[in-house]
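My questions will all concern the structure given below.
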Amino acid sequence: MEDKKNVTSSGIEVKALYTTAPPMTEKPGEFPYTRGIQKDMYRGRLWTMRQYAGFSTAEESNKRYHYLLQQGTTGLSVAFDLPTQIGYDSDHEMSEGEVGKVGVAIDSLQDMEILFDGIELEKITTSMTINATAAILLAMYIALAKKQGADIRQISGTIQNDILKEYAARGTYIYPPKPSMRIITDIFEYCSNEVPKWNTISISGYHIREAGSTAVQELAFTLANGKAYLNAALEKGLDINIFARRLSFFFNCHNNFFEEIAKFRAARRMWANITKSLGATDEKAQMLRFHTQTGGSTLTAQQPMNNIIRVTNQAMAAVLGGTQSLHTNGYDEALSLPTEAAAKIALRTQQVIAFESGVTDTVDPLAGSFFVENLTNEIEAAAQLYIDKIDAMGGSVNAIENGYIQNEIAASAYQYQLEVEGVGKIIVGVNKFAQKEEGITDTLTIDESVRNIQTEKIKRLRITRSTPEVSSALFDLRNAAKSTENLMPFILTAVEAYATLGEIADVLREVFGEY
């Protein structure tokens with residue numbers, strides 16, 4: 001009887017037995033960093049334990065941040081609501097029904113002041129999942145740090161700022177690709193000079209995977225986007241050895257344990273070679289540093305407590321793969337925003353792995369595994385084929401504009417769904433081992449009163465701020481957008497005058513248009 005053929009999510013065949021592995025000569029912390037970017041990895045310092053949080057008003061989210069910090073989280077990760085992500089104030093007609101729902105509503109510097117009340121920005125790293133309006137939110141964060149008396153050269157954190165994956169997989173873009181790339185490279189340049197410890201982009205495979213890609217596609221499309229950002233910055237005349245040090249990545253960790261570990265190892269090696277080929281000689285400019293979030297699309301509304309096991313499996317793979325930062329999803333997130341109880345068990349999952357499992361005691365514990373080493377090579381080879389195709393099209397921007405990347409993701413998502421419906425892909429509690437619903441009664445819901453609260457805040461703000469100062473700042477920003485000047489100083493001036501996020505985004509809409 002012939003053995004059943006097992007394959008990974010990417011269609012890579014998994015043999016029943018591996019008896020050899022490619023020779024492994026490199027050490028951790030050495031080019032091309034397959035085994036990790038630090039020679040001692042978690043023996044020297046654990047990954048940053050982040051919990052992605054933000055909902056309702058800045059006041060409510062601030063309470064959750066203080067709670068998470070008390071529970072031992074070591075970095076904050078801000079979720080913004082949909083209007084904030086696409087450049088609309090809470091009182092805009094397009095914001096109706098969405099204010100505070102999938103993240104916190106931020107309309108002005110005033111909200112940012114409330115969001116981080118009692119939290120010293122010099123003592124915490126903050127990740128902000130924001131793209132089309134990343135320049136505005138970063139300006140608000142810098143303005144707040146200055147008001148706190150912090151040295152902005154010392155503040156650290158990350159903005160996602162990865163607009164290419166928005167066109168390919170997620171959809172929260174505002175402007176056409178070329179002006180969007182200009183804003184991103186303006187941020188690179190500004191932060192290199194003024195906020196040197198800030199990670200200016202988190203090149204994201206997470207949303208590509210959530211949209212239905214395979215692990216290989218996630219890796220390939222993310223690195224191809226990374227190449228596009230490198231090339232755009234080089235065309236602007238920036239030094240790759242300076243700006244590439246501040247690039248980071250954001251990957252998904254899905255269910256196939258060994259495929260995910262091999263994906264992370266391959267990612268480091270591939271990026272090291274990409275940066276080197278484009279002229280990077282500085283070690284830190286060649287290193288791929290990444291944040292991981294467990295797979296949101298893997299969470300099930302049926303038997304939701306099973307999600308605790310899924311998240312643990314994924315978190316362990318991320319750690320064994322060498323992540324620098326990790327967010328673990330709440331078990332109830334297929335039903336609602338996470339409750340405090342779900343957020344706590346998600347954080348405790350990381351803490352148990354870190355302090356009880358023993359996997360942090362040695363560097364790259366799966367190195368030399370016949371299976372893992374072969375799978376790392378196979379994933380790299382398969383991802384490289386995609387990158388070569390995209391390069392032949394002229395890079396990611398062209399590949400997105402002609403629909404290639406979107407079509408590849410859609411085809412994979414469709415195939416996955418067919419497998420689930422045909423029970424070729426088993427989802428425990430959904431298409432196998434299903435039972436009468438247990439149900440969760442304690443879920444977090446946000447009502448329409450949040451929009452009323454935010455609208456009142458904006459009304460009061462427009463009365464109390466200096467109208468001439470706002471008008472002058474927006475006028476200067478409009479002129480800068482029509483020129484080739486770096487936009488960040490003008491956005492920062494507008495933010496400090498308490499111009500709203502929507503007002504700033506609208507000025508750029510006037511000049512750049514909408515996509």
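Treat the numbers as computed from the prediction; the structure is a model and nothing was measured. Because only heavy atoms are used, hydrogens play no part in the values below, and waters and symmetry mates are left out as well, while side chains stay in.
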Would you check if the side chain of T300 reaches a backbone N or O of Q302 as a donor-acceptor pair within less than 3.5 Å?
yes
Flag for N329-Q293: side-chain donor and acceptor within less than 3.5 Å
yes
Residues pairing under salt bridge (charged side-chain N to carboxylate O under 4.0 Å, His left out) where one sits in residues 22-49, two or more places apart or in two chains, turn out to be R35-D364
Check whether D81 reaches the backbone of T84 with its side chain - one donor and one acceptor, N or O, closer than 3.5 Å.
yes
Pair listing, ring pair (Phe, Tyr, Trp, His ring centres under 6.0 Å) test, anchored in residues 398-430, at least two apart:
none
Hey, could you give me each pair passing salt bridge (charged side-chain N to carboxylate O under 4.0 Å, His left out) that has a residue in residues 180-206? Not counting sequence neighbours.
R182-D186, D186-K236
Can you name the residues that form a side-chain hydrogen bond (donor to acceptor under 3.5 Å, both in side chains) with N241, not counting sequence neighbours?
T281
Output the distance between atom CZ (R348) and atom CD1 (I345), rounded to the nearest 0.5 Å.
8.0 Å
So, T172 versus R170: side-chain donor-acceptor pair below 3.5 Å or not?
yes
Return each pair, listed once, that meets salt bridge (charged side-chain N to carboxylate O under 4.0 Å, His left out) where at least one residue sits in residues 382-394; pairs must be two or more places apart or across chains.
K227-D391
For R245, enumerate each residue passing the side-chain contact (heavy atoms from CB on, under 4.5 Å) test, keeping only those at least two apart in sequence or located in another chain.
D282, K284, A285
Salt bridge (Lys or Arg N to Asp or Glu O under 4.0 Å) evaluation trace for E380 with R265:
CA-CA 9 Å; E380 178 179 11; R265 298 172 92 249; over 6 Å; no
Heavy-atom donor-acceptor pair, K165 side chain to Y206 backbone, under 3.5 Å:
no
Sequence neighbours excluded, every pair satisfying ring pair (Phe, Tyr, Trp, His ring centres under 6.0 Å) that has a member inside residues 285-309
F250-H291, F251-F290, F264-F290
Taking E218 for its side chain and S213 for its backbone only, find out whether a donor-acceptor pair lies under 3.5 Å.
no
If only atom types and distance count, is the side chain of E333 paired as donor or acceptor with the main-chain N or O of G296 below 3.5 Å?
no
Look only at the side chain of T200 and the backbone of F188, and say whether a donor-acceptor pair between them is shorter than 3.5 Å.
no
Under 3.5 Å side-chain donor-acceptor pair for Q286 and T275:
no
Give a yes or no answer on whether the side chain of S127 reaches the backbone of L76 with a donor-acceptor pair at less than 3.5 Å.
no
From CG (L230) to CD1 (I201), nearest 0.5 Å
9.0 Å
Rounding to 0.5 Å, atoms OH (Y67) and OG1 (T73) come to a distance of 11.5 Å
Rounded to the nearest 0.5 Å, how far does CD1 of I308 lie from CG of N313?
14.0 Å
Salt bridge (charged side-chain N to carboxylate O under 4.0 Å, His left out): which pairs involve residues 303-317, sequence neighbours left out?
none
Using atom types as modelled, flag every donor-acceptor pair under 3.5 Å from a side chain in residues 354-361 to any protein atom, sequence neighbours excluded.
| unit_1 | atom_1 | unit_2 | atom_2 | d |
| --- | --- | --- | --- | --- |
| S357 | OG | I353 | O | 2.6 |
| S357 | OG | V359 | N | 3.2 |
| T360 | OG1 | A354 | O | 3.4 |

Just jot down the side-chain contact (heavy atoms from CB on, under 4.5 Å) partners of P196, sequence neighbours excluded, or say none.
R153
Can you confirm whether the side chains of D332 and T339 place a donor and an acceptor under 3.5 Å from each other?
yes
If a pair satisfies ring pair (Phe, Tyr, Trp, His ring centres under 6.0 Å) and one of its residues is in residues 215-240, list it, with sequence neighbours excluded.
F221-Y386
With sequence neighbours left out, the residues meeting side-chain hydrogen bond (donor to acceptor under 3.5 Å, both in side chains) with S180 are Y167
Polar side-chain atom of N225 near backbone of L164 as donor-acceptor pair, under 3.5 Å:
no
Kindly indicate whether the side chain of I159, heavy atoms from C-beta on, has any atom under 4.5 Å from the side chain of Y141.
no
If you count the non-hydrogen atoms of other residues, nucleotides and ligands that lie under 6.0 Å from CD in Q384, is the total more than 12?
yes
Is there a donor-acceptor contact under 3.5 Å from the side chain of E373 to the main chain of A367?
no
For Q154, is there any backbone N or O sitting under 3.5 Å from a side-chain donor or acceptor partner on E122?
no
